[in-house]
Protein chains: 2
Amino acid sequence: MTAEVISAELLAVVVAMVGDEPCVLTLGDPPPRLPAGPLLPGHRSLQAATRRWVEEQTGRRLGYLEQLYTFADLDRDGSPARTISISYLGLTTPNADTGFGAWRGWYSLLPWEDTRTDTSVLTDRVTPQVRAWADQQPSLASERRQRCAITFGLDGNPWQPDLVLQRYELLYEAGLVPESPSAWRRPDDEVVPGDRMVGDHRRVLATGLARLRAKIQYRPVVFELMSPEFTLGQLQDCVEALAGRAVHTQNFRRLIEQQALVEDTGQVDAETGGRPARLYRFRREVLQVRQAAGTKLPTIRSR
Amino acid sequence: MTAEVISAELLAVVVAMVGDEPCVLTLGDPPPRLPAGPLLPGHRSLQAATRRWVEEQTGRRLGYLEQLYTFADLDRDGSPARTISISYLGLTTPNADTGFGAWRGWYSLLPWEDTRTDTSVLTDRVTPQVRAWADQQPSLASERRQRCAITFGLDGNPWQPDLVLQRYELLYEAGLVPESPSAWRRPDDEVVPGDRMVGDHRRVLATGLARLRAKIQYRPVVFELMSPEFTLGQLQDCVEALAGRAVHTQNFRRLIEQQALVEDTGQVDAETGGRPARLYRFRREVLQVRQAAGTKLPTIRSR
DNA sequence: ACCACTTATGCTCCGATGTAGCATAAGTGG
DNA sequence: CCACTTATGCTACATCGGAGCATAAGTGGT
């Protein structure tokens, strides 16, 4: 009974805003994959190893980086040798975009998660399939219906943006994503829309998205995705893109201001298409003080 | 450049309430250690492996179990071969206590974290040492002072219960815990009180405690530590023990009731030493609905 | 029986916070 | 000059959270 021989791999979900779209850094295709690499003897720490691999494979330096989750189920891929995957979430800006790899929109990979303006993907392509799955097995129907209603916000339940992972897992279980074994060779129209990724990378992406959506509610991490100076409108767009939903503008501004998260630069951006907006800068000092207190976001406007 | 050969180990922080004391399951001594074991080929998943090892080593079945963090820094111990440690947080009740291992009070291991009634450890033994460390290097003093003030709630900053890990790490850096290399052979009175553990297990414990304190604020996990029926007073004691601080009783009750987390059993417990208390039962149904909404706790009574 | 003390429970006051909407400012392109 | 866009200021109102007062119903002691 000796310990299993194992190799460990680092997996990075690197997020940046490209225009109005939240994107993830991917390599190769099709299907695309996340930057990843094995843990080597020279690596000092897991975090350092992740930084190195991302830099080597994509030519990009990461700023913010936090550990996400460690996966090691036996059936992750077909192979008998087990790989432990330690995943990280990184945040950057797409500036100086000289690297390799492609910024791919989150919502091309998980389209049902974008409920900012158009919920037709959700209501037309996902919800019906999910409901059908629930009713498929009469003995489980009531339990499944409850679960669907909560994770997808059906039957009067609220849509909860940060249940990303629960939604993906339900779709996987239901065989509604092509990665699922039970979706083997299902035709495209019996499957939910959204580009697939290598292995379980789409699940890892969902884990990252879930974490990020949860985190922006209590830590000022949004600013890691902004350029040094920005208007409150841009900041709001960013938050809305991440959360996948619209926010009450006036309340958003008040909240940001009263928390003293930003300071006025005295400059204005006239390129807004409307009244020029003031430019602000993130007050990095608050990172010290706000270890716990965090950014609060106004809860979401009902439409 | 092949992948490093590695073994992976599961580490469990298993928590239960023994009387009024929150405890962690430990083995051996001195110094005590957390239940742990290598990942073996037969293990289906990391979580299953953790369950097995805990059961085998302590004779206890776990209920709630969630992944905490994965450690793999090169300098974790002296050895050149790297071990990846994947830590889990488990919650149980100490019922049917037939197993091996000892329930050891959190606060014998991290005494400064208990600010429920007596803060003398903190104010007499920890704060002065921490302050001294900050002032030790004039060039870093201002930065360090800020950090100390925030993590330990000095100079008007609020005490934040869930900064457990930050506090431990500061003490470690400052050489104020005997585990720290820079505390090598320091006499006991130049070190902060609290029993040490094997390796970095005390850091892992701090990670678990931090997670738990954060989590009880937004998920109804406290109930995993309660027996099936309990009074609101017992529930409050449990929360206070976990958070390490006192809570306003009336507000606590209001909060629990208005969230409909519990239901009245119709019975009473006359053993309270005062007016008999109603017995309640956790409404397991809410686990479904409350995936995100969570238990809110009233913030803390000022004394 | 009465008293001091303990825990349980009900209720109110008030300030902070969050939600929603109205109104105005200052640009753009026709 | 007008219609439209985005930015920004302000207010009314509901809800929530924090703190305290008051009462209920047990205990043990004299």
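Proteins get letters first, then strands, A, B, ... in listed order; numbering begins at 1 in each.
Here dG10(C) presents its P atom at 14 Å from CD1 of Ile256(B), a figure rounded to the nearest Å. In this entry the distance linking NE2 of His248(A) with C1' of dT17(C) reads 14 Å, nearest Å. Regarding Gln250(B), its CD atom lies at a distance of 10 Å from the C1' atom of dA22(D), rounded to whole Å. Atom-to-atom, CZ of Phe252(A) to P of dG9(D) comes out at 15 Å; the value is rounded to the nearest Å. For Asp237(A) and dT6(D), the CG to C1' distance is 10 Å, given to the nearest whole Å. Rounded to an integer number of Å, the gap from CG of Asn251(A) to C1' of dC13(D) is 12 Å. Atom CZ of Arg253(B) is separated from atom P of dG17(D) by 17 Å (rounded to the nearest Å). Following rounding to the nearest Å, Gln259(B) (CD) and dG17(D) (C1') show an atom-to-atom distance of 12 Å.
Look at Gln234(B) and you won't find any side-chain N or O under 4.0 angstrom from OP1 or OP2 of dT7(C). Remark: Gln236(A) is not in phosphate contact with dT6(D), judged by side-chain N or O atoms under 4.0 Å from OP1 or OP2.
Checked against Met226(B) for a side chain to side chain contact (heavy atoms under 4.5 Å, CB included), the options Leu235(B), Thr231(B), Thr93(B) give a single hit: Leu235(B). Looking at Glu263(A), Gln258(A), Gln259(A), Glu257(A) one by one, the single match for side chain to side chain contact (heavy atoms under 4.5 Å, CB included) with Leu261(A) turns out to be Gln259(A).
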- Message: Between Arg131(B) and Leu154(B), is the side-chain contact (heavy atoms from CB on, under 4.5 Å) condition met? List the steps.
- Response: CA-CA 10 Å; Arg131(B) 282 213 148 95; Leu154(B) 310 176; 3.7 Å; yes

- Item | Full working for side-chain contact (heavy atoms from CB on, under 4.5 Å) between Leu242(B) and Leu225(B) | CA-CA 10 Å; Leu242(B) 296 180; Leu225(B) 298 168; 3.7 Å; yes

- Item | Full working for side-chain contact (heavy atoms from CB on, under 4.5 Å) between Phe282(A) and Val222(A) | CA-CA 10 Å; Phe282(A) 178 46; Val222(A) 217; over 6 Å; no

N/O to N/O distances under 3.5 Å, protein versus nucleotides 25-30 of chain D:
none

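Applying the Watson-Crick and G-U wobble criteria (two distances, each under 3.5 Å), dG29(C) pairs with dC2(D). Nucleotide dA16(C) has dT15(D) as its partner under the Watson-Crick or G-U criteria, with both atom distances under 3.5 Å.
Partners of Tyr168(B) under the ring-ring contact (aromatic ring centres under 6.0 Å, His included) rule, at least two apart in sequence or in another chain, do not exist in this structure.
In this structure, Arg284(A) pairs ionically with Glu224(A), as a charged nitrogen and a carboxylate oxygen lie closer than 4.0 Å.
Residue contacts shown for Arg278(B) are limited to sugar-phosphate atoms, with no base heavy atom under 4.0 Å away.
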